[in-house]
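For reference, the structure is listed below as structure tokens.
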Amino acid sequence: MTNTANPVSSAPPRSVAEWFMSILDILWVVAVVGGLLAYSYEGVWHTWIKVLLGVGGALFLVFLVTHRSGIGDLLASRSTRYGTNMAIVIAAFLFALIVLNYLGDRHSKRVDMTKEGIYTLSDQTTKVLAQLAKPVQVVAFFQKLDEGGKRQAEDLLQEYKHYAKDFSVEFVDPMVHPERAQQLEVTQLGTIVLSMDGQKQTVTRVEEQELTGALMKLLRPQKQKIYFLTGHGEKDAKGFDQKGLSKIKDALEKENYAVEDLVLARQEAGVPADAAVVVIAGPEKAFFENEVKSLEAYLDGGGRALIMLDPNPFYGMEELLAKWGITVNDDMLIDVSPVGRLVGYGPTVPLVNSYEYHDITKDFRLMTFFPLARSIEKAEKTPAGVTVTTILKTSEQAWAESDRQALAANQAKFDEGADRAGPLGIVTVATKDVGAKTAETKDEAAPGDQPEEAAKKVTRLVVAGDSDFASNVAFDQAGNSDLALNAINWLAGEDALISIRPKEHTDPRVTLTENQIRNIFWLTVILSPLAIVIIGISVWVRRR
């Protein structure tokens, strides 16, 4: 009896032609993927890239012809029907995404998730944009190859368009359209030209501060003059050292003010008639009697002044300020509150983080610091018609130290009965309606007078017990710059400009060497995707 065993089934050996076709199946994928990756890296359609993609396309056609029967069976299979159903579901999902994107574009809600609020415009910018009553045309000049700079400008200008209706933006490549650059007198790449009502301003840096400053100049083409008094050891408006005021000067000029020095002793006619604000920043010597009289006449006539007096001997203006209900005390403020210790300041630097309601400090949410300050407070009795408000006060842990010997020996301590306990005033303001404007005086009013003040002259006075908070050493600290600029804007009658201004953002970019960039590119863009493709094709070939 013969036992016949079941033959063992085995796949027939593959021919050379079949192996060759399998290699071609892999080559067309490698050629197409390699060509696309090469173009993404080079950014230019080199001839060899076109040839590589052409070869890949030809091999793909060969693949379709040689596998037409298998493709037909695949299309008729159950898995294909399932795949078709899945494709319909995916198409419906994509359609829903498109509809949601359309609705989001029409009814957008913007949320800035960055740590420093890089994509959120400042209060000052949104206020300026709200004042735009006429269309603004923006032309940005960027080369096609400068995609990074162009994208940065696009993102920032898009934020401006979000808050302003008539804000048109156009990007021009000066190499393609040199006539446009010549027409607008543009000689530098990355320049942005803003135009409104026949006026134009040019910006060469893609920064919010620069763009908003240009818009301010378009809104207020006439510059108001801010005079800084000199001749008594005051801080220099042009000084670049720590005690200088060059930072506040630059900031005022960006807001379209003209800043000039003033030696009052040389002015026989007193304070110039075109003075919007007079600034006295930390004098070290007493004023002459005729200078005090000039300032008195200026304020009596509706003038505006910012007076910053450091804790030194008196300056001859105490009687003048007393007429406006402001008391200048001979002391130094000592603040031992824990908040100052946390941020690294000593007890001679009072810190303020809460404010009395006033136009200058409205919506103010920043801390301010005053290195070596004296107390400036509202007098017990104020003159008739004068409104006095102490808008900045120390914490309850502060006191006014009057013992100069203890201060010099660094042994200051609170003495009950001798020292005054906090909260104590640091900045005090006074206003007074000094009478109706006559036909002669109406033209002499400050250019920034608000509409409600058009029929009257109002004196505005701000007195601070420290000038260092506005100097270069402390100007950029927390809210110091905003406080100083808000005070001057309020004095000049530019109440609409009182706000929190854009800050400088730190650069979060990581600098890589050329070799590091090349290695990252090959690892993430070439090798990793190519490895995945090769593994996938290998698995597919083995399962056939």
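Just so you know, these numbers come straight off a predicted model, no measurement behind them. Just so you know, these numbers use all the heavy atoms, side chains as well, and skip hydrogens, waters and symmetry mates.
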Residue of the set Thr230, Val279, Leu229, Ile280 for which side chain to side chain contact (heavy atoms under 4.5 Å, CB included) holds with Leu262: Leu229
What is the minimum heavy-atom distance between Asp146 and Phe142, and which atoms define it? OD2-CD2, 3.6 Å
Answer yes or no on whether Lys249 is positioned over the face of Phe228, meaning its NZ or CZ is under 6.0 Å from the six-membered ring centre and within 45° of the axis. no
Would you call Glu154 and Arg151 a salt bridge, taking side-chain N to carboxylate O under 4.0 Å as the test? yes
Are Asp173 and Gln143 side-chain neighbours, meaning at least one heavy-atom pair lies under 4.5 Å? yes
Salt bridge or not for Glu289 and Lys293, using N-O below 4.0 Å? yes
Check whether any side-chain heavy atom of Lys323 lies under 4.5 Å from a side-chain heavy atom of Leu299, and answer yes or no. no
Nearest heavy-atom contact between Leu333 and Gly425 is CD1-O, 4.3 Å
May I ask you to decide whether Asp123 forms a salt bridge with Arg365, counting only side-chain N to carboxylate O separations under 4.0 Å? yes
The single option from Asp476, Asn480, Val473, Leu252 passing side chain to side chain contact (heavy atoms under 4.5 Å, CB included) against Lys247: Asp476
Charged N-O contact under 4.0 Å between Asp403 and Lys413: no
Looking only at heavy atoms, what is the nearest atom pair of Ser395 and Asp335, with distance? OG-OD1, 3.2 Å
Side-chain heavy-atom pair Leu309, Pro283 within 4.5 angstrom cut-off: yes
Between Ala464 and Ile376, the two heavy atoms sitting closest are C-CG1, 3.8 Å
Under a 4.5 Å cut-off applied to non-hydrogen side-chain atoms, are Phe364 and Asn486 in contact? yes
Mind checking whether Phe469 and Phe370 have parallel, tilted or perpendicular rings, split at 30° and 60°? tilted
Minimum heavy-atom distance between Leu491 and Arg460, given as atom pair plus value: CD2-O, 3.4 Å
What's the shortest heavy-atom distance between Leu121 and Thr125, and which atoms? CD1-CG2, 3.9 Å
Are the side chains of Leu372 and Met332 in contact, using a 4.5 Å heavy-atom criterion? yes
With a 4.5 Å cut-off on side-chain heavy atoms, are Tyr355 and Leu392 touching? yes
